[in-house]
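These numbers come from a predicted model, not from an experiment.
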Number of protein chains: 2
Amino acid sequence: MPTKKKPQVTAAPARRRELLDTAAEVFAEQGYNATTVRKIADHAGMLAGSLYYHFDSKESMLEEILRTFLDELWAGYDTVLDAELDPRETLEALVTESFREIDRHRAAVAIYQKESKQLVAQERFGFLAESQRRFEKAWLSTLERGVAARVFRADLDMRLTYRFVRDTVWVAASWYRPGGQHSPEEIARQYLSMVLDGIAVRE
Amino acid sequence: MPTKKKPQVTAAPARRRELLDTAAEVFAEQGYNATTVRKIADHAGMLAGSLYYHFDSKESMLEEILRTFLDELWAGYDTVLDAELDPRETLEALVTESFREIDRHRAAVAIYQKESKQLVAQERFGFLAESQRRFEKAWLSTLERGVAARVFRADLDMRLTYRFVRDTVWVAASWYRPGGQHSPEEIARQYLSMVLDGIAVRE
DNA sequence: ACGCTTCCCTAACAAGTGTTTGGTAGGTTA
DNA sequence: TAACCTACCAAACACTTGTTAGGGAAGCGT
């Protein structure tokens, strides 16, 4: 007797996306562990059990949310990296792209920031670890290229600089609200100005 | 009939501190909600119920951890602020002091970062909101003094700069490990160098 | 020897958790 | 009309959660 076919693999993902979006927002707001499937169902206007028609577990919702986000993120990053710009342009493009992703996937980014550290331990979320490696490689190599080309300072610890830039950008997801007074591009511009030139007045 | 006197208010806090330290580390590692009292008890070498001899709830452990941290943080900050240094020296001192606190209270800082946003909603943790207001005021006024004194750039959005500096510093708690190759002061020095002067090469 | 305090254990509790099972109203297809 | 699929509900399941009540062993003062 075959297991009853559930729609998660094949069927029209219209409703799925809706549910995933609301789930993502609840996850981001309350934290994954503090979010019960009943709360998600409430926000979606249905009962807890009904979620299991669309998904086969709470964890699989989380996985799909993060996977979708990372897929789009890397689509954007790869476009930038393949353009073979010079180091400074690459950094600017990566930062700008990052803020655009925060704009589009604010909930998923917030979830990623809060939970990824504990999730990478599970084999199910191994794709997070792989993404992190690619991420570090992309940023670190850009910084190193910049140092070699004498456009970035050589007197800084490279790994420290990497974490500095990375965190600086992505923590913004914790306070950023789409539709605020600054567009992602405007925020990126000011952040880049601070990161590249500093906040002190030049002599 | 009076409630049985528990030692949390009066007695020798030696054992309490030990238990709070291990609780803080488990909270920081697994997240508050994902941490069960049984896990904390495991790490402490005792059973779940025994914790309730020292504390009256899981939440009160969390509160005491955060309160202890914030008390020490403000002791340090107030010393800096009362010294009435010029804006740049104040900023440098605040950043350095922040990294020292991260060094001393790494677990508490990590917990604060992850959970404070959801905790401030509860009245029990109202002291977090008050601390945040003082915090913002201290940093923002330092930045504004710096702009007025023409040592910090005037062309930046002040609130954006504040969040930039704040996040830049405190996110470090997520990867910082005491006893690493860099001392808190050394990390502060490099961070300040980046924040003040930027990572780009000067002409 | 006695009482008292400190610190922990054993055993259970009620509430809440993710998940499953069977059912059903409404629309679509044959 | 009959068969079927979609999307949900109602009710329960086994388990985990924070917490409590009662007890007991060890140490200390008297």
Identify each donor-acceptor pair in which a side-chain atom of residues 185-196 of chain B lies under 3.5 Å from a protein atom, sequence neighbours left out, and give them as a table.
from     : atom 1 : to       : atom 2 : distance (Å)
B:Glu185 : OE2    : B:Arg100 : NE     : 2.7
B:Glu186 : OE1    : B:Arg189 : NE     : 3.3
B:Glu186 : OE2    : B:Arg189 : NH2    : 3.3
B:Glu186 : OE2    : B:Gln190 : NE2    : 3.3
B:Gln190 : OE1    : A:Asp157 : N      : 3.0
B:Ser193 : OG     : A:Arg153 : NH1    : 3.1
B:Ser193 : OG     : A:Arg153 : NH2    : 2.6

For A:Phe69, all residues meeting ring pair (Phe, Tyr, Trp, His ring centres under 6.0 Å), sequence neighbours excluded: A:His105
side-chain hydrogen bond (donor to acceptor under 3.5 Å, both in side chains) contacts touching residues 35-44 of chain A (sequence neighbours left out): A:Gln30-A:Lys39
Atom pair distance, as rounded to whole Å: CE in A:Met46 and P in D:dC9: 6 Å
side-chain contact (heavy atoms from CB on, under 4.5 Å) against A:Arg106, all qualifying residues, sequence neighbours excluded: A:Glu25, A:Arg177, A:Pro178
Cationic N near anionic O, under 4.0 Å, A:Arg67 to A:Glu64: no
D:dT6 phosphate, OP1 or OP2, under 4.0 Å from A:His54 side-chain N/O: no
Write out a two-atom table: protein N or O, nucleotide N or O from nucleotides 12-18 of chain C, distance below 3.5 Å.
from   : atom 1 : to      : atom 2 : distance (Å)
C:dG18 : OP1    : A:Thr35 : O      : 3.3
C:dG18 : OP1    : A:Lys58 : NZ     : 3.0
C:dG18 : OP2    : A:Val37 : N      : 3.0
C:dG18 : N7     : A:Arg38 : NH1    : 3.0
C:dG18 : O6     : A:Arg38 : NH2    : 3.2

Between C:dC8 (P) and B:Leu19 (CG): distance, integer Å: 7 Å
Distance, rounded to the nearest Å, where B:Leu47 contributes CG and D:dT19 contributes P: 16 Å
Atom-pair distance (CD on B:Gln30; C1' on D:dT16), nearest Å: 15 Å
For B:Leu47, all residues meeting side-chain contact (heavy atoms from CB on, under 4.5 Å), sequence neighbours excluded: B:Ser50
Interatomic distance where CD belongs to B:Glu18 and C1' belongs to C:dC8 [whole Å]: 14 Å
For residues 164-173 of chain B, which side-chain N or O atoms pair as donor and acceptor with protein atoms under 3.5 Å away, sequence neighbours left out?
from     : atom 1 : to       : atom 2 : distance (Å)
B:Asp167 : OD2    : A:Trp175 : NE1    : 3.3
B:Thr168 : OG1    : A:Thr168 : OG1    : 3.3
B:Thr168 : OG1    : B:Phe164 : O      : 2.5

A:Ser57 and A:Tyr52: side chain donor to acceptor below 3.5 Å: no
Minimum-distance nucleotide to A:Arg15 side chain [options: D:dC8, C:dC7, D:dC9]: D:dC8
Below 4.0 Å: OP1/OP2 of C:dC9 and any side-chain N or O of B:Ser50: yes
Whole-Å gap separating P (D:dT17) and CG (B:Leu51): 14 Å
Polar pairs (N or O, both sides) under 3.5 Å between protein and nucleotides 24-29 of chain D?
none

Residues which pass ring pair (Phe, Tyr, Trp, His ring centres under 6.0 Å) with B:Tyr176, listed by chain and number, not counting sequence neighbours: none
B:Tyr53 side chain, from C-beta outward: closest of C:dC7, C:dT19, D:dC8: C:dC7
